[in-house]
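Structure first, commentary second.
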Number of protein chains: 2
Amino acid sequence: MPDIKDVAKLANVSIATVSRAFNNKPDVSEKTKKKIFDIAKQIGYEPSIPARTLTKRKTNILGLIVPDISNPYYGEVVRGIEDTCHIYSYNVILCNADNRREKEFQYIDILKNRWVDGIIFHSDYFLKEHFEAFKSKNIPVVLAGRATELDTAYVAIDNFKAAYDAVNYLISLGHERIGIIHGPLDGMKETVDSVARLMGYRKALEEAGLNVYDELHMEADFKAKGAFLAAKKMLEGRIKPTAIFAISDMMAMGAINAIYDSGLRCPEDISVMGFDNIDLCEVTRPALTTIAQPMYEIGAIAARMLIKMIENRETGSIQPKKIILDHKLMIRDSCSRIKN
Amino acid sequence: MPDIKDVAKLANVSIATVSRAFNNKPDVSEKTKKKIFDIAKQIGYEPSIPARTLTKRKTNILGLIVPDISNPYYGEVVRGIEDTCHIYSYNVILCNADNRREKEFQYIDILKNRWVDGIIFHSDYFLKEHFEAFKSKNIPVVLAGRATELDTAYVAIDNFKAAYDAVNYLISLGHERIGIIHGPLDGMKETVDSVARLMGYRKALEEAGLNVYDELHMEADFKAKGAFLAAKKMLEGRIKPTAIFAISDMMAMGAINAIYDSGLRCPEDISVMGFDNIDLCEVTRPALTTIAQPMYEIGAIAARMLIKMIENRETGSIQPKKIILDHKLMIRDSCSRIKN
DNA sequence: TTGAAAGCGCTAACAA
DNA sequence: TTGTTAGCGCTTTCAA
């Protein structure tokens, strides 16, 4: 591959001039600029980004840590991130960490050694350890899909409020025994989605003066199969729910399956409410009533925010921004009014 | 951030020795090695990968060009790729090209300038232009999910055979009017999945002595909504199908929806066969009968193959490997025997 | 408007 | 076993 010297030699200029031309500096005459570009094109020269990285100490790469790209929710978020990066001339290094701390920290380390300009971090948890890791390595970070009390920028929704709204909708349909299928609670740390959503669920029930049954709380793993099992167990229990709130769409679909397998129907016998609003919601039968998270926007806004942080870094460190995006109740066919 | 000089100074050795220690060269005494690592740890030093890249002329990065990561099929493939890369100490730069040539070539260019060690390319098409681009830039490439006559390595399934098997299964259930919803055909180029699958479909019908109705061929965009419309149109047509073969699961789900919306049932009135076997297949009602592509394996094997190609590059260029993986008919509930 | 030269942080050949 | 030194391909002062 040709390098800057080759171009300089053929164009009869110094490498500094070639560099200037390719960096669009004003102080190169149009004539030499043209000559340089012509020759570059001819021999197929384009500047090496790794070499540039070393002098500029900037990679124009964002690191992306997510639990699992094969999950449609993250696919959508990542799509928003990548599209935005492309607009701003950044590239994305993708890392799947499966919510495992060890893998997360390993990736943080690798990304840091790769000199990425910043990291978008998406995980079921954001702990003090994570915060310290980013801080000590002095690397800009934006949390996607998750809020935090810590001094870190994020783009998320209000999970408490979203769950509260979801359950209130079920209550408004006349439901009184409403089950919930949530994810791992990790010792009820408040930073965890599952916990915030569980709280919102309880608050709604309590405000309505309804019983909160422990038997109607089930934990699963955010996947359809796990929720299928959880829902089965719930349906076989002592207290029979008339509605189930699953805190992810995939889990809701698992729950619907369990209902059918138990010889019941959704929504005629049991209503099911999801969370996320992935593409599939409108495609399945019954179409899933759910809480919509703006996944693409979460990704896109997080990326833009991070890029702004990176590019304003010298301009004095600003307060990390904390953005809460609106969620939205999507009423479809999986929840119906209770029959008297 | 500390660099190699800082460590060398504090450890009273030359930077060469530090470099040797971190590269696990045999010719460093255990004693100095320990001293170096201790100090490195203390001041938080780890080698800069961009700097190493420049001397070694190797990034340990694979470029990944896919149409759209928000599509679950690609999520699964990418997951296989990333997992494999992680094992071999590679990282992945993710690029969404939306099947648009212009964006594909732009990304190929960027990746090349980033000195990625190789590219995994996944697109609905692999054209001579693509081949030439990779060749002229002298960059190792593996095609994922797509075969080619060109001199390029790939990991794929036999799309013709897979469609042939799918349709034969429908025929074995007694269906005679079988519709197909395929993707864009792009002038019937043979390298296109849709074309290969359409051919397999026709072959099966012809071999069984069945009519091939033009009215039962519909084109859509691989998405649920597009297939929904296409299926509607087919159902309103002159020739009524008793089964529909959609060449992606998402399209199959759209088709099932259209069937319901037309007041019909699946599979009682019309059977639907999908293609891919994404996670959702077992979660929807009816559970989708489909052709399973080993998506994760396609990604994982493509990545391993590319890494092998990269690491054997000096050992003389070997013939590009062409691997066809097995597909599998997954019988679930969306196809049933025709009633007489 | 251009060029010479130092340096980004590292590896590797050669010498000691 | 260790050190010296010349790059890797570029950007950026400083000088002309």
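Throughout, a chain's letter reflects where its sequence line sits, starting with A, and its residues are numbered from 1.
Using a 4.0 Å heavy-atom distance criterion, A/Lys25 is classed as a sugar-phosphate-only contact. Backbone-only contact: A/Val13 has heavy atoms under 4.0 Å from sugar-phosphate atoms and none from a base. Among the atoms of the strands shown, only primed sugar atoms or phosphate atoms (P, OP1, OP2) are found under 4.0 Å from some heavy atom of B/Asp3. Within 4.0 Å (heavy atoms only), B/Phe22 reaches no atom of the nucleic acid at all. Nucleic acid contact for A/Asn12: sugar-phosphate only, since backbone atoms but no base atoms lie under 4.0 Å from a heavy atom of the residue.
As rounded to whole Å, 15 Å separates atom C1' of C/dT11 from atom CG of B/Asn24. Look at CE on B/Met1: it is 16 Å from P on C/dC8, rounded to the nearest Å. One interatomic measurement links the two molecules: CG of A/Asp27 to P of C/dT1, which rounds to 7 Å at whole-angstrom precision. One can place CD1 of A/Ile15 at 11 Å from P of D/dC8, the figure rounded to the nearest angstrom. Nucleotide C/dA13 holds its P atom 11 Å from the CZ atom of B/Arg20, rounded to whole Å. Between A/Ile4 atom CD1 and D/dT12 atom C1' there is a gap of 12 Å when expressed in whole angstrom units. The CG atom of B/Leu54 sits 13 Å away from the P atom of C/dC8 (whole-angstrom rounding). For the pair A/Glu46 CD and D/dT11 P, the interatomic distance rounds to 13 Å; values are reported in whole Å.
A 4.5 Å side-chain heavy-atom check between B/Val116 and B/Leu62 finds every atom pair outside the cut-off. A/Ile120 is not listed as a side-chain neighbour of A/Ile65, based on a closest heavy-atom distance of 4.5 Å or more.
The structure places OH of A/Tyr45 at 13.0 Å from CG of A/Leu10, a figure rounded to the nearest 0.5 Å.
Contact check, A/Thr17 against C/dG3: a side-chain N or O comes under 4.0 Å of OP1 or OP2. Distances shown here put a side-chain N or O of A/Lys5 below 4.0 Å from the OP1 or OP2 atom of D/dC8. Distances shorter than 4.0 Å separate some side-chain N or O of A/Ser19 from OP1 or OP2 on D/dT11. Side-chain nitrogen and oxygen atoms of A/Ser14 include at least one within less than 4.0 Å of the OP1 or OP2 phosphate oxygen of C/dG3.
Comparing atom distances between the A/Thr55 side chain and each of C/dT2, C/dG3, C/dG7 picks out C/dG7 as nearest. Among the nucleotides C/dT2, D/dC10, D/dG3, the one closest to the side chain of B/Ala16 is D/dG3.
Mapping B/Arg57 and B/Thr32 onto DNA chain D by nearest heavy atom places B/Thr32 closer to the 5' end of the strand.
Between B/Tyr73 and B/His122, the ring centre distance stays below 6.0 Å.
Aromatic ring orientation, A/Phe134 versus A/Phe121: perpendicular (interplanar angle above 60°, classes split at 30° and 60°).
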